[in-house]
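Reviewing the structure listed below.
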Amino acid sequence: MTKINLLSDKRLAPYVFISPFFILFLVFGLYPIGFSIYLSLWRWTMRGPVEFMGISNYVNLLTSDPFFWRAITNTLWLLVFGSFTQHFVAIPLAIGLNDKVLKGKEFFKTAFFVPYITSTVSATLIFSQLFDNNFGWINYLVNFFGGENISWFTAEWPAKVMIATLINWRFIGWNTIIYLAGLQSIPDTLYEAAYIDGATKWQTHTRITVPLLMPIIFFGVTMSIIGGMQLFDEPYVLMGGYQTMGGIANTGLTSAYYLMFTGWSATRFGKASAIAWILFFFILLMTMVNRKITKSLDKRSL
Amino acid sequence: MNKVQSKGSGRPGTFLLGLGRYGGLGIFAFLFVFPFYYVFVLATHRVPFANPPHLFFGPSVAENFDALFRQIPFLQSFGNSLGIAVLATASVIFFCTLGGFAFAKYDFKGKEALLVFVVMTMAIPPFLNIIPFFRMMVAFGWYQTWLPLIVPGMANAFGIFLMKQFLEESIPGELMDAARIDGLNEFQLLPAVVFPLAKPGIAILGTLTFVGSWNNFLGALVMLPDPRNSTLPVSLSSLFVRSDGNYGGLMLGTALSILPLVVIFIFFSKKIIANLAAGAVKG
């Protein structure tokens, strides 16, 4: 008879191996998440709880906080023009890359992927120079084509366009790589049949490629929603930190930026927790809508 | 698809189409890579401002080094970034290989449910718990230390899932049984069988973890907010925010902060791209 202990028991060992995850999740994940619900019901400052608010934090944010709605509309605008637009560029790029006789494919893939591994801060600092009001390449080109200098940092809409450009730049390549992998799993025979039937290239892509890519499009758009709704680093650095609250007319104030401002600059932890939960609810809602849309498109095309 | 494309050479306009394809891909490749080239160019000019903007390397690297070291404690920030990234990577590799191994190679009660749970935690946005987490770190005495940026993520869902996918195929069950017959217990299997065979997976997980930690801005901003003793992203961004326009040092610092990633990426890019893409398609 061998002695059964933790070290040699085949039935116990796997539990020991996975236990670190559950311990860490309990302590650093579940407990703070639960506590943030509690926090969101209080006026809570650096010194601790001040006053029980019930759901007033939520009600005030949703009904009478102009910054909150400003932040939500900014976030949604950036989500559409910074995150969703990526997919309209990435899918054609992936189709262009998906060709076994294409030369330099590895080069293109690497070049497309490089922005994704750069830190947001480095990328943001580089873009701050490219978009410099007086001496950046972007305004140089604008001048070259006969335009006036654009105040990228100090005018409302140009600042938004700059942030959206940066987000597109960082993630188009990543999405292209994902879509390329999806394209490679579509069987050649489908395209051959379409070719024999005399389908044009455009028809082939709208009738075969895009419908079969739907699951991946769902994945990609979901990632965009989750990332886009939490957008913080880019506008925070470009627009100059907490003090400016998103720059001129709060143009770069995203909901995550406002959350951080509320929590760290204004040290209103309860209100900030309420923002976090509203944000979470929005993400959940949008993911569900995305699922519905993807599903109905899927049915229509097949 | 490739067959159709090569067959399609009989169609009129295919040559132009091919040219357009290379042109289009080339333009995007240029747009994605140029900013990197540009930051290295700016790192060599004392003043980034010029009309037309700089396009070639300049003579002021030494001056910019002086400016950078005067403006921020660059070496300290670099050291913090490196220390945190190395410790985070090492611990993630250890704990996630362990967890992934259990899910890949053992049958145990509740395995499926636990795995689903692990995967589902990936959907929780980090903003949800950031405020209580911050207060907790203060209570632990971990505020303004490296620990909050290392410990909570040591055994993370993404890493466990990645290693599970990888280990399922790369460790033969017979090898484990043979090792057991040789008298190794379950824990001795780890150094003897699991870690050696997991090396390619570890390379990917390690690279991703290192890059993620190296680039982490939000976490460092919250836990190490003092730019005099923080990580590179925090001290560089603080320099940008308060700068008077003398960006030479800042651009050199930015270029130097990208350098380690470029080196890593040159070694691992092909593997990472292939595996991430495959994971996304499977998932």
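Predicted, not measured: the structure shown is a model, and the values here were computed from it.
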**Report entry** Most chain A-contacting option - heavy-atom pairs closer than 4.5 Å, from Trp214(B), Phe217(B), Phe95(B)
**Finding:** Phe217(B)

Report task. Pick one of side chain, backbone, both or neither for Trp264(A), based on which atoms fall under 4.5 Å of a heavy atom in chain B. Result -> side chain

Query raised in the report: For Lys109(B), does its backbone N or O pair with a side-chain atom of Tyr15(A) as donor and acceptor, under 3.5 Å?
Result: yes

Report task. Can you see which heavy atom on Leu261(B) is nearest to which on Ile117(A), and at what distance? Result -> CD1-O, 3.4 Å

Query raised in the report: Distance from Phe40(B) atom CZ to Ile126(A) atom CD1, nearest 0.5 Å?
Result: 8.0 Å

**Report entry** Max heavy-atom pair count under 4.5 Å with chain B, selected residue of Thr124(A), Leu97(A), Thr120(A)
**Finding:** Leu97(A)

Report summary line: dist Ser128(A):OG -> Met251(B):CE (nearest 0.5 Å) comes out at 5.0 Å

Report task. Classify the ring geometry between Trp169(A) and Phe32(B) as parallel (under 30°), tilted (30 to 60°) or perpendicular (over 60°). Result -> tilted

Query - Euclidean distance, Phe280(A) CZ relative to Leu128(B) CG, rounded to 0.5 Å - result: 6.0 Å

Requested in this report: Sort out for me which of Leu102(A), Asn139(A), Leu279(A) touches chain B most, counting heavy-atom pairs under 4.5 Å.
Outcome: Leu102(A)

Query - Side chain / backbone / both / neither for Phe107(A) at chain B, heavy atoms under 4.5 Å - result: side chain

Query raised in the report: Side chain, backbone, both or neither: which part of Met223(A) has a heavy atom under 4.5 Å from chain B?
Result: neither

Query raised in the report: Relative to each other, are the rings of Phe134(B) and Phe269(A) parallel, tilted or perpendicular (30° and 60° limits)?
Result: tilted

**Report entry** Greatest number of heavy atom pairs closer than 4.5 Å to chain B - which of Ser19(A), Gly136(A), Ser273(A), Pro115(A)
**Finding:** Pro115(A)

Requested in this report: Decide yes or no for Tyr242(A) and Leu221(B): does some side-chain heavy atom of the first lie under 4.5 Å from some side-chain heavy atom of the second?
Outcome: yes

Report summary line: For Gln230(A) and Phe127(B), the nearest pair of non-hydrogen atoms, with its separation, is OE1-CD1, 3.1 Å

Query raised in the report: Is it the backbone or the side chain of Asp132(A) that comes under 4.5 Å from a heavy atom of chain B, or both, or neither?
Result: side chain

Query raised in the report: With a 4.5 angstrom heavy-atom cut-off, which part of Phe144(A) approaches chain B: side chain, backbone, both or neither?
Result: neither

Query raised in the report: Contact part of Phe112(A) toward chain B, heavy-atom cut-off under 4.5 Å: side chain, backbone, both or neither?
Result: both

Query - Pick from Leu238(A), Leu125(A), Thr176(A), Ile33(A) with the largest number of heavy-atom pairs that fall under 4.5 Å of chain B - result: Leu125(A)

Query raised in the report: Most heavy-atom pairs under 4.5 angstrom with chain B, which of Tyr116(A), Phe108(A), Tyr236(A)?
Result: Phe108(A)

Requested in this report: Please work out which of the three classes, parallel, tilted or perpendicular, describes the rings of Phe28(A) and Phe140(B), given edges at 30° and 60°.
Outcome: perpendicular

Query - Heavy-atom pair of closest approach, residues Phe133(B) and Pro32(A) - result: N-CB, 4.0 Å

Query - Tyr140(A) versus chain B, the contacting section by heavy-atom distance below 4.5 Å - result: side chain

Report summary line: Rounded to the nearest 0.5 Å, the CD1 atom of Ile131(B) sits from the CE atom of Met260(A) at a distance of 7.5 Å

Query raised in the report: For Lys103(A), does its backbone N or O pair with a side-chain atom of Tyr22(B) as donor and acceptor, under 3.5 Å?
Result: yes

Query - Whether Tyr38(B) and Trp137(A) hold their rings parallel, tilted or perpendicular, with breakpoints at 30° and 60° - result: perpendicular

Query raised in the report: For Tyr179(A), is it the side chain, the backbone, both, or neither that has a heavy atom closer than 4.5 Å to a heavy atom of chain B?
Result: neither

Query - Proximal component of Val27(A), with respect to chain B [non-hydrogen, under 4.5 Å] - result: both

